[in-house]
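Excluded from the calculations below are hydrogen atoms, water molecules and symmetry mates; all remaining heavy atoms, backbone and side chain alike, are included.
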Amino acid sequence: MPESTPAIVQRMPTLHALIFDVDGTLADTERDGHRPAFNHAFADLGLDWHWDETLYGQLLAITGGKERIRHYAEHYAPDIAARPEFDGLVRDLHAAKTRHYLRLVESASLPLRPGVAALIQHARQRGLRLAIATTTTPENVTALLHATLGPDAPGWFEVIGAGDVVPNKKPAPDIYRWVLDRLALPAANCLAIEDSANGLRAARAAGLRCLVTPNDYTASEDFSGAWQVLADLREVDLDAIAAPTISNLANISG
C-alpha cells in the first residue's frame with residue numbers, strides 16, 4: 001500500500017454530495033467476493049476455468065463482470081468465445097456469479113473498509129447528499145449496503161448508478177455523468193471516492209475531483225491527477241475539506 005499523500009487542507013467549492021464507487025472502495029469485495037463467485041459460476045456451468053488471486057488482479061483492468069468474462073474467454077478460451085451461443089453463456093455465467101456473490105454478502109463475510117461507515121455517518125450529519133457510481137449490479141450494491149450498514153442504508157443514497165444503466169463502463173465517464181444529471185448538481189460541488197486508476201479516470205473525465213483510497217489490488221496503479229490519495233477513509237476530514245452546507249449554516253445562525 002503506498003504512503004498517503006499529506007493531508008493538506010484544500011477548500012473545495014461548497015460541497016453538496018459524495019459519490020462513492022463500491023467494489024474495492026466501500027469494501028474489499030473483489031478478492032474474497034466477486035472472484036470466488038465467478039469461480040463457482042464457472043463450475044455451475046461446467047467450465048474448468050479458475051481465476052486465482054493473481055490472474056483476477058490482472059483481469060480487474062477490465063471493468064464490468066460480463067466484460068471481464070468476455071475478455072477472458074477471448075484470450076484464454078477462444079474456442080468457447082467463438083461459439084454461436086457465447087453471448088447467452090456470458091449472460092448465464094454473470095447471473096450465476098451474481099447469485100453466488102449475493103450469498104457471500106448476506107453471510108456478512110465482506111466487511112466495509114476502515115473509515116467507510118464513519119464517513120457516511122458524518123456526511124449524513126452534515127446534510128450532504130450521497131450517491132453511488134459503480135459498474136457492479138444494483139442487486140450487489142443493495143445487498144452490500146444492507147449487510148454492512150443496515151436495512152435502511154440503501155435509502156440513504158439519493159442516486160445509485162449501477163450496472164448497465166449506461167453503455168460504457170469506467171474509465172468512461174458515463175456513469176458519473178448519469179449520477180450528476182440525476183443529482184442536478186455541477187461536478188464542482190461533488191467529490192468522487194474511488195480505489196482504482198480506472199475509477200479516477202472516469203471521475204476526472206466527468207469533471208469531478210476524486211479522492212482515491214487504494215487497496216491491495218490497486219496500490220501500484222498511477223493516481224496522477226487525484227485530488228487526494230489516502231490509505232483509507234479514516235483519514236478523511238470533511239470539516240477540513242468542505243465549506244459549511246446550507247443546512248449547517250442555518251443551524252449555526254439559529
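We find the OG-CG distance between Ser224 and Leu200 to be 8.5 Å, quoted to the nearest 0.5 Å. Here the CD1 atom belonging to Ile120 is positioned 7.5 Å from the OG1 atom belonging to Thr148, to the nearest 0.5 angstrom. Atom CD1 of Ile132 sits about 8.0 Å away from atom CZ of Phe20, to the nearest 0.5 Å. With rounding to the nearest 0.5 angstrom, the CG atom of Leu191 is 5.0 Å from the CD1 atom of Ile193. Considering CZ of Arg103 and OG of Ser109, their distance stands at 12.0 Å, rounded to 0.5 Å. Rounded to the nearest 0.5 Å, atoms OG1 (Thr63) and CG (Leu60) are 10.0 Å apart.
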Passes side-chain contact (heavy atoms from CB on, under 4.5 Å), Asp32 versus Asp28? Steps please.
CA-CA 7 Å; Asp32 300 322; Asp28 282 322; 5.9 Å; no
Please assess Arg113 against Thr213 for the test side chain to side chain donor-acceptor pair (under 3.5 Å), listing each intermediate value before the final yes or no.
CA-CA 10 Å; Arg113 291 184 64 190; Thr213 172; 3.2 Å; yes
Begin with the C-alpha distance, continue with both residues' side-chain angles, and end with the deciding distance and a verdict on side-chain contact (heavy atoms from CB on, under 4.5 Å) for His50 and Phe42.
CA-CA 8 Å; His50 179 79; Phe42 300 151; over 6 Å; no
Step-by-step side-chain contact (heavy atoms from CB on, under 4.5 Å) determination, Arg31 to Asn215
CA-CA 11 Å; Arg31 182 186 61 195; Asn215 55 56; over 6 Å; no
Might you work through the side-chain contact (heavy atoms from CB on, under 4.5 Å) test for Val116 and Leu119, ending with a clear yes or no?
CA-CA 5 Å; Val116 170; Leu119 177 60; 6.0 Å; no
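Listed for the Glu221 side chain is a donor-acceptor partner under 3.5 Å among the backbone atoms of Ala197. The closest donor-acceptor contact from the side chain of Thr218 to the backbone of Pro214 lies at 3.5 Å or more, if one exists at all. Of the possible donor and acceptor atoms, one in the side chain of Asn198 sits under 3.5 Å from a partner among the backbone N and O of Ala61. Between the side chain of Ser107 and the main chain of Leu104, a donor-acceptor pair closer than 3.5 Å is present. Under the 3.5 Å distance criterion, the side-chain polar atoms of Arg204 are matched with a main-chain donor or acceptor of Gly225. Using a distance-only test at 3.5 Å, with no hydrogens or angles considered, a donor-acceptor pair links the side chain of Thr25 to the main chain of Asp195. With Arg234 contributing its side chain and Pro114 its backbone, the two residues share no donor-acceptor pair below 3.5 Å.
Residue pairs satisfying the salt bridge (Lys or Arg N to Asp or Glu O under 4.0 Å) criterion with at least one member in residues 162-191, sequence neighbours excluded, are listed as follows: Asp21-Lys170, Lys66-Asp164, Glu67-Lys169, Asp164-Lys169, Lys170-Glu194. Residue pairs that meet the side chain to side chain donor-acceptor pair (under 3.5 Å) test with at least one member in residues 71-96, sequence neighbours left out, are Arg70-Asp87. Residues in residues 127-141 take part in these salt bridge (Lys or Arg N to Asp or Glu O under 4.0 Å) pairs, two or more places apart or across chains: Arg129-Glu158.
Connection of Ile62 to Leu89 is not established within any shared hydrophobic cluster, with ILVMFWY side chains joined at heavy-atom distances below 4.5 Å, either directly or through further cluster members. The hydrophobic clustering, which links ILVMFWY residues whose side-chain heavy atoms are closer than 4.5 Å, places Leu211 and Val22 together. A continuous path of Ile, Leu, Val, Met, Phe, Trp and Tyr side chains, each step under 4.5 Å between heavy atoms, connects Leu233 with Trp156, placing both in one hydrophobic cluster.
Using a 4.5 Å heavy-atom cutoff, the side chains of Trp49 and Phe38 are not in contact. Side chains of Leu15 and Arg126 form no contact here, defined as non-hydrogen atoms less than 4.5 Å apart. Contact of the Leu18 side chain with the Phe157 side chain is not registered, since no non-hydrogen atoms from C-beta on lie closer than 4.5 Å. By the 4.5 Å heavy-atom criterion applied to side chains, Leu26 and Leu145 are counted as neighbours.
Hydrophobic clustering, defined by side-chain heavy atoms of Ile, Leu, Val, Met, Phe, Trp and Tyr closer than 4.5 Å, groups Ile19 together with Val159, Val165, Val166, Ile175, Tyr176, Trp178, Val179, Leu180, Leu183, Leu185, Leu208.
Closest approach of Ala187 and Gly207 over heavy atoms only: CB-O, 3.4 Å. Heavy atoms only, all atoms of each residue included: Tyr101 and Gly33 are closest at CD1-C, 3.6 Å. Nearest heavy-atom pair across Ala172 and Ala202 is O-CB, 3.4 Å. In this structure, Pro154 and Gly150 approach most closely via the heavy-atom pair CD-O, 4.0 Å. For the pair Leu149 and Ala117, the tightest heavy-atom approach, listed with the atom from each and the gap, is CD2-CB, 3.9 Å. Shown here for Ala27 and Leu112, the closest heavy-atom pair between the two residues is CB-CA, 4.1 Å.
With hydrogens and angles left out, the side-chain atoms of Thr136 and Thr134 include no donor and acceptor closer than 3.5 Å. Thr54 and Asp52 are not linked by any side-chain donor-acceptor pair at a separation below 3.5 angstrom, with hydrogens and angles left out of the test. For the 3.5 Å distance criterion, the side chains of Asp152 and His146 fail to qualify, holding no donor opposite an acceptor. Counting only N and O atoms by type, the side chains of Lys97 and His34 include a donor and acceptor under 3.5 Å apart. Of the N and O atoms on the side chains of Thr29 and Asp23, at least one donor lies less than 3.5 Å from an acceptor on the other residue.
Shown here are the side chain to side chain donor-acceptor pair (under 3.5 Å) partners of Tyr217, two or more places apart in sequence or in another chain: there are none. Applying the side chain to side chain contact (heavy atoms under 4.5 Å, CB included) rule to Pro138 yields the partners Ala162; only residues at least two apart in sequence or on another chain are considered.
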